[in-house]
Amino acid sequence: MLQVPYIRENKDLVISRLAKRNIHAAEMINNVIAFDEDRRRIQTELDNTLAESNVLSKEIGNLYKSGQVQEANALKEKTGQLKELSKQLTEDLNAKTTELTELLYKIPNVPNEIVPAGSTDADNEEVFREGDIPKLHEGALPHWELAKKYDIIDFELGNKITGAGFPVYKGKGARLQRALIAYFLDKNTEAGYTEFQLPHLVNEASGFGTGQLPDKEGQMYHVTADNLYLIPTAEVPGTNIFRDVVLNEGDLPIGITGYTPCFRREAGSYGAHVRGLNRLHQFDKVEILRVEHPSKSYEALDGMVAHVKTILQELKLPYRILRLCGGDLGFTSALTYDFEVFSTAQDRWLEISSVSNFETFQANRLKLRFKNSEGKNELAHTLNGSSLALPRVLAGILENCQTEKGIEIPEVLQPYTGFKIID
RNA sequence: GGAAGAAUGGCAGAGUGGUCGAAUGCGGCGGUCUUGAAAACCGUUGAGGGUCACACCUCCGGGGGUUCGAAUCCCUCUUCUUCCGCCA
């Protein structure tokens, strides 16, 4: 959520930057400013009413004490009127505040200056590419065929137990999953991130804190009996660690990492793009999260990108990095880099990581602040990224590392898998 | 799941209808003293709104109510503690 004072002071900038998202925000922004003025006017009026009635209450107390009951009762009439008035004003204030907040909820983050304008993923800007796309042997297969051939992932069994999008990993497939999780966590820990194990269900307040609620409710699985939600990403429990927190400046920066399964309803997805591991209802992901001083957050974003790069280099997978255009940028993000691994047998790129700087957009909603050098509470910047999402990395490994003898496990993973080949 | 108790500032912990944003202690910050430090002493130290700055308003787990007036009384929710039951 954007901050009202920021909008007020940077009105034109906000409107022109939001245009990068193809949003014509002038009317919304003007309304924010108008609603906020209304709100402050009502607030002042209410404050004055309350002040008056506080004074009278004290007088009444004093009159009772000195036995002047008649006079006290006379004053009571007056406070009765003030009470009516303040009740009305409170209602007005609440209504106006709700109106303002609901509007603010609808305004996405202001894109960074370097975000390219554009409307679809075709307008994303490729900023880096590395790794050779392998020449596959005759009869090379897409990952879902390989999964079947080597009996390491059973999609039908998942259908039987749960439904589409819940694959069952078996034997070396299951072991490879565990190896990837351990390897990613170790890499992140080496880079200074602290490992966390987080809840896989969150309450409503947490859903609001990271912005899944109220609007994107349909994307999460909802456990109605207890009013809890299955997490769509570790970002939700991970970021909510910092809800209503005031840090010391010296606590920054903070880096945490955690593995969680992720649950997404993905209503409306269908066709070839959901084939195999491309899009699932349950998948595994290792996430990295940072809380940064506002002056350091872009440096930190670059650091996260560099970190994810090293992992992909070690895995020797062909990948590229995209700077997302305004139209493809997530609602809460100011700048996002997507990592995509090349799926050689499908001849397409698969997103495996998304690294973003949210600046104060999440922190404002979360009330995540730190005490700055002036002793004032100031909103911190939050960032996060995947390092990495498992299924598509797995798809990338299966397809790119296939040989006629079998799947050759990348060297860095072998200590974790305990085997060199799936055959 | 049942019973009882509790939730107050960074922490500990008073406060059961007005003079309470809230005693006291610890911690933090500033100072005096000291060659320096410690100790001691003095001062200061919550958040949000509002204002040029004051004033002023709100907040004692969340929500609602009673009252001229609520940290204090009532209802409700949440969380925690102890006891019982069940259990990986």
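Chain letters run A, B, ... following the sequence lines, proteins first, then strands; residues in each count from 1.
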Before accepting this row, confirm whether a basic side-chain N of the pair A:K96/A:E99 lies closer than 4.0 Å to the acidic partner's carboxylate O.
yes
Given the P atoms of B:rG85 and B:rU78, what is the spacing between them in whole Å?
25 Å
For A:A19, which residues count as a side chain to side chain contact (heavy atoms under 4.5 Å, CB included) partner, sequence neighbours excluded?
none
Answer with base, sugar-phosphate or nothing: what part of the nucleic acid does A:K371 contact at a heavy-atom distance below 4.0 Å?
sugar-phosphate
Say we look at B:rC68 and B:rC80: how far apart would their P atoms be, to the nearest angstrom?
38 Å
Look at the side chain of A:R365 and the backbone N and O of A:F208, then say whether any donor-acceptor pair between them is shorter than 3.5 Å.
yes
Report the residues that fulfil side chain to side chain contact (heavy atoms under 4.5 Å, CB included) with A:S295, sequence neighbours left out, ordered by chain and then residue number.
A:H293
So, the side chain of A:R21 versus the backbone of A:N109: is there a donor-acceptor pair under 3.5 Å, distance only?
yes
side-chain contact (heavy atoms from CB on, under 4.5 Å) partner of A:K11, chosen from A:I15, A:I7, A:L13
A:I15
For the side chain of A:D328 and the backbone of A:L324, is there at least one donor-acceptor N/O pair under 3.5 Å apart?
no
Donor-acceptor contact below 3.5 Å, side chain A:H281 vs main chain A:R264
yes
Under a cut-off of 3.5 Å for both distances of each Watson-Crick or G-U pair, what dot-bracket string does RNA chain B give, using [ ] for crossing pairs and | for inter-strand pairs?
((((((((.[[[..)..(.....]]]((((((.......))))))((((......)))).[[[[[..)....]]]]])))))))....
Parallel, tilted or perpendicular for A:Y319 and A:F339, by the 30°/60° rule?
parallel
Could you list by number each residue of residues 40-51 of chain A showing a heavy-atom separation from RNA chain B of less than 4.0 Å, or answer none if no residue does?
A:R40, A:Q43, A:D47, A:L50, A:A51
For A:G327, does its backbone N or O pair with a side-chain atom of A:S119 as donor and acceptor, under 3.5 Å?
no
Heavy-atom contact window of chain A on RNA chain B, given 5' to 3' at under 4.0 Å
B:rG18 to B:rG69
In numerical order, the residues of residues 68-79 of chain A whose heavy atoms come under 4.0 Å of RNA chain B are A:K76, A:T79
Taking A:E287 as the fixed residue, which of A:L388, A:N384, A:T239 is the one that meets the side-chain contact (heavy atoms from CB on, under 4.5 Å) rule?
A:N384
Any idea how A:H307 and A:Y193 line up, ring-wise: parallel (<30°), tilted (30 to 60°), or perpendicular (>60°)?
tilted
